[in-house]
Amino acid sequence: MGGSEGGRRSGSKGKRQAITYDPAKLSWNEEHTENKENKYSYSGKPWDDEGNSMLHCAGCSNWFSSTETKLKVPDTFPRGCIGYDFLCLDCVPEGSGTETLSRKDLGMRGLAICSMYNLTKNAQQKSGDGDRLPYFDLKEHILSYIEEHWKNLWGVPKVEYSVKYNLQQFMLRHPSLFHSKTVDGEVSFALVKVSPQMISPIWHGSLHKHRGSAPKKRKAESMGSEASQKPGVRTKGRRKGADNNGVGGSTSSTTGGASEQAYPINSEGYRYTEAERDPFTAAPGDSFRPARQNRVCLALSDRAPQLRISDDRSVVTGDKGYCMARATHGVNHGSWYYEITILDGEIPADITQPVESHWRVGWAQHYSNLQGPVGLCSLSYSWRDVSGTKFHAARGAPYGDSYKPGDVLGMHIHLPNEVKPPPVRAKPWLVVYKQKEYYEEAQANKVDVSKLKPVAGSYLQCFKNGVNQGVMFDNLIEGTYYPAVSLYMGARVSVNFGPDFKYPPPSDMTYAPMCDAVHWKNAELTLSDILGKVDNGLKAFESGNVIKEEEKPVAS
């Protein structure tokens with residue numbers, strides 16, 4: 001927000017009553033975190049966070065000294081904390097009579113900022129040099145400070161958990177916030193600057209947590225509009241389906257239906273998975289987990305952004321060229337089945353010459369390019385409407401009957417039951433997109449297929465209106481396969497993941513409806529979380545960064 005716009009008001013319907021000056025007349029920076037006149041709080045006093053807390057109001061974006069509020073800010077509230085929500089007297093609902101303040105999860109960002117801010121301010125105060133930005137050794141200074149002030153920083157008793165690796169990686173990935181240097185194998189960090197913006201929960205809440213880049217700023221005329229336009233995950237450059245910030249999400253202009261609520265789109269080597277708070281842990285960097293889903297449906301993130309998905313996420317409509325949509329769940333063992341109903345196409349309005357809609361349906365791994373048809377690469381297999389051709393690795397061959405609108409296709413995949421424990425992976429970076437948390441996982445768009453082995457005994461077969469078309473492919477390339485469809489010139493399909501099918505498979509065929517994959521996936525995620533926590537505990541023990549039994553606080 002620029003200087004001409006001043007502060008935003010939320011909750012207060014009348015004129016300002018508590019602030020004794022007009023913040024709109026001050027010269028604010030674009031983020032509305034500091035002003036040239038150095039006037040803050042209700043009285044217009046200069047910035048001062050020595051011995052008190054400066055609180056950033058989520059309603060009007062003005063700063064307030066805790067000494068001028070009616071709140072009793074606890075001693076455990078650390079200076080430089082960005083994990084809170086605060087509303088001033090002008091922004092709380094009428095009749096409240098006092099400000100509101102609530103603590104929130106600091107997260108790895110808040111832990112890094114708060115510890116570095118306090119270390120830097122303490123060093124400046126000791127030296128008398130307010131411009132000094134010293135380096136602090138990660139192990140000797142930063143981790144020691146966190147250990148000493150753990151309860152104040154995190155709000156929970158000490159736990160046996162190592163934050164060294166996650167904290168180091170976070171700070172290295174954010175050069176806009178931290179300088180870094182390595183001497184004799186030990187890494188040290190310094191703040192890029194010390195300013196009100198550095199400890200603003202509002203500014204940090206809107207940051208792109210993506211490759212250490214700063215967000216593009218956007219202005220908002222009201223709190224409501226800003227909340228609906230928070231910057232999300234930035235990708236490289238602009239592309240079709242990007243919002244005004246170049247964000248690779250889906251918006252109402254391209255998708256409609258369920259997708260009017262924006263979601264990040266998998267592309268350009270990055271994959272996004274919805275996250276949720278983990279109810280079983282309070283450890284920093286580990287307070288979120290992959291979201292547990294309660295049904296299998298068309299994925300809003302795992303699709304080409306120009307595709308339109310219905311509100312119930314069962315119907316997808318194509319654009320012009322071939323592009324792909326996948327389901328939310330994939331499988332890598334067992335025997336699975338789902339149905340696709342071919343619907344009449346909706347030719348794009350700007351196409352004037354006679355054209356026809358076309359379909360390719362089947363199964364694909366998540367490495368497959370969304371801006372192309374199923375069967376284009378070695379990690380996807382499809383059945384085309386024209387001549388019933390089958391496709392794999394961009395090579396077509398005769399297979400079954402052709403199909404058209406009104407036909408119901410059954411898709412069956414069989415993968416030998418070699419169930420393996422899920423791999424223990426470090427959790428990807430947590431990013432915020434449109435006020436919702438997601439995991440961002442970097443992955444190559446290309447995978448070395450030569451290193452992947454065919455799975456003996458695996459196969460795909462298809463059905464048309466209940467009639468078996470025979471085995472389409474066998475000895476499939478190893479990996480996890482998702483139900484997938486690719487659409488051309490406004491083609492449309494409806495997917496049915498079960499348990500009830502219009503044309504059930506033969507009674508002698510062993511299978512599970514794709515809808516059951518949700519239970520297997522949730523079990524796999526839970527097991528992966530457990531293995532990850534055990535692995536983190538072992539690493540913490542081996543590194544010596546474990547709270548010894550005698551150092552644990554005794555419950556009073």
Side-chain angles (χ1 to χ4, degrees), residues 1 6-12 15-29 31-104 106 110 113-131 145 148-149 151-155 191 193-205:
M1 179 176 292
R8 297 186 301 274
R9 278 178 271 185
S10 173
S12 141
K15 65 179 182 179
R16 293 184 181 273
Q17 301 175 355
I19 299 179
T20 59
Y21 57 96
D22 187 356
K25 295 182 178 180
L26 302 179
S27 303
W28 292 92
N29 62 350
E31 297 82 5
H32 202 86
T33 54
E34 50 192 298
N35 62 72
K36 293 181 180 179
E37 292 81 4
N38 196 21
K39 295 183 68 173
Y40 302 96
S41 201
Y42 296 117
S43 64
K45 64 185 293 186
W47 177 273
D48 178 21
D49 63 351
E50 298 294 339
N52 69 91
S53 299
M54 294 296 291
L55 304 172
H56 206 188
C57 178
C60 61
S61 291
N62 294 313
W63 287 94
F64 298 87
S65 170
S66 61
T67 58
E68 291 194 9
T69 69
K70 297 181 180 181
L71 298 170
K72 180 174 177 56
V73 179
D75 296 336
T76 56
F77 190 88
R79 176 176 62 180
C81 175
I82 66 171
Y84 66 88
D85 281 321
F86 170 75
L87 289 176
C88 71
L89 289 175
D90 284 333
C91 295
V92 293
E94 293 185 10
S96 296
T98 185
E99 301 91 342
T100 62
L101 175 65
S102 60
R103 286 287 297 270
K104 296 195 307 183
L106 272 176
I113 290 293
C114 193
S115 57
M116 285 296 294
Y117 186 83
N118 279 280
L119 286 169
T120 302
K121 295 287 285 189
N122 291 342
Q124 290 177 345
Q125 187 176 10
K126 186 175 181 179
S127 66
D129 183 358
D131 296 324
Y145 181 89
E148 182 181 354
H149 299 87
K151 189 171 182 178
N152 291 353
L153 291 173
W154 203 253
L191 286 178
K193 65 177 180 178
V194 173
S195 67
Q197 179 171 293
M198 176 63 65
I199 59 171
S200 165
I202 302 172
W203 183 71
H204 282 287

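We're numbering straight along the sequence, starting at 1.
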Side chain to side chain contact (heavy atoms under 4.5 Å, CB included), that's the test. Do F86 and T100 meet it? Break it down for me. CA-CA 6 Å; F86 170 75; T100 62; 5.9 Å; no
Starting at OH of Y21, measure out to NZ of K45 and round the result to the nearest 0.5 Å. 11.0 Å
Side chain to side chain contact (heavy atoms under 4.5 Å, CB included) evaluation trace for V92 with T98: CA-CA 8 Å; V92 293; T98 185; over 6 Å; no
Beyond-backbone contact of I199 with W63, side-chain heavy atoms, under 4.5 angstrom: yes
Heavy-atom donor-acceptor pair, S127 side chain to D129 backbone, under 3.5 Å: yes
Is the closest side-chain heavy-atom distance between N29 and K36 below 4.5 Å? no
What I want to check is whether the side chains of E99 and T69 have a donor and an acceptor closer together than 3.5 Å. no
Passes side chain to side chain contact (heavy atoms under 4.5 Å, CB included), W28 versus E34? Steps please. CA-CA 6 Å; W28 292 92; E34 50 192 298; 5.6 Å; no
Which heavy atom of I82 sits nearest to which heavy atom of M198, and what is that distance? CG2-O, 4.3 Å
Y117 to G80 - nearest heavy-atom pair and separation: CD2-CA, 3.7 Å
For the residue pair K25 and E37, what are the closest heavy atoms and their distance? O-OE2, 4.4 Å
Closest non-hydrogen atoms of D90 and A18, given as atom of the first, atom of the second and distance, are OD1-N, 3.2 Å
Could you check S27 against N35 for side chain to side chain contact (heavy atoms under 4.5 Å, CB included), going step by step and ending with a plain yes or no? CA-CA 5 Å; S27 303; N35 62 72; 5.5 Å; no
OG-CG distance between S200 and L55, expressed to the nearest 0.5 angstrom: 11.5 Å
For S65, check side chain to side chain donor-acceptor pair (under 3.5 Å) against everything at least two apart and list the hits. N52, T67
Distance check, rounded to the nearest 0.5 Å: N118 atom CG versus T120 atom OG1? 9.0 Å
What distance separates C60 SG from I19 CD1, expressed to the nearest 0.5 Å? 5.0 Å
What do you reckon, are the aromatic ring centroids of F64 and Y42 less than 6.0 Å apart? yes
P46 side chain reached by Y40 side chain, heavy atoms, under 4.5 Å: no
With sequence neighbours left out, write down each residue that passes salt bridge (Lys or Arg N to Asp or Glu O under 4.0 Å) with K39, or none if nothing qualifies. none
For Y84 and L101, which heavy atoms make the closest approach, and how far apart are they? CD1-CD1, 3.8 Å
Between NE2 on residue H56 and SG on residue C81, distance to nearest 0.5 Å: 14.0 Å
Working to the nearest 0.5 angstrom, can you tell me the gap between N62 CG and T33 OG1? 11.5 Å
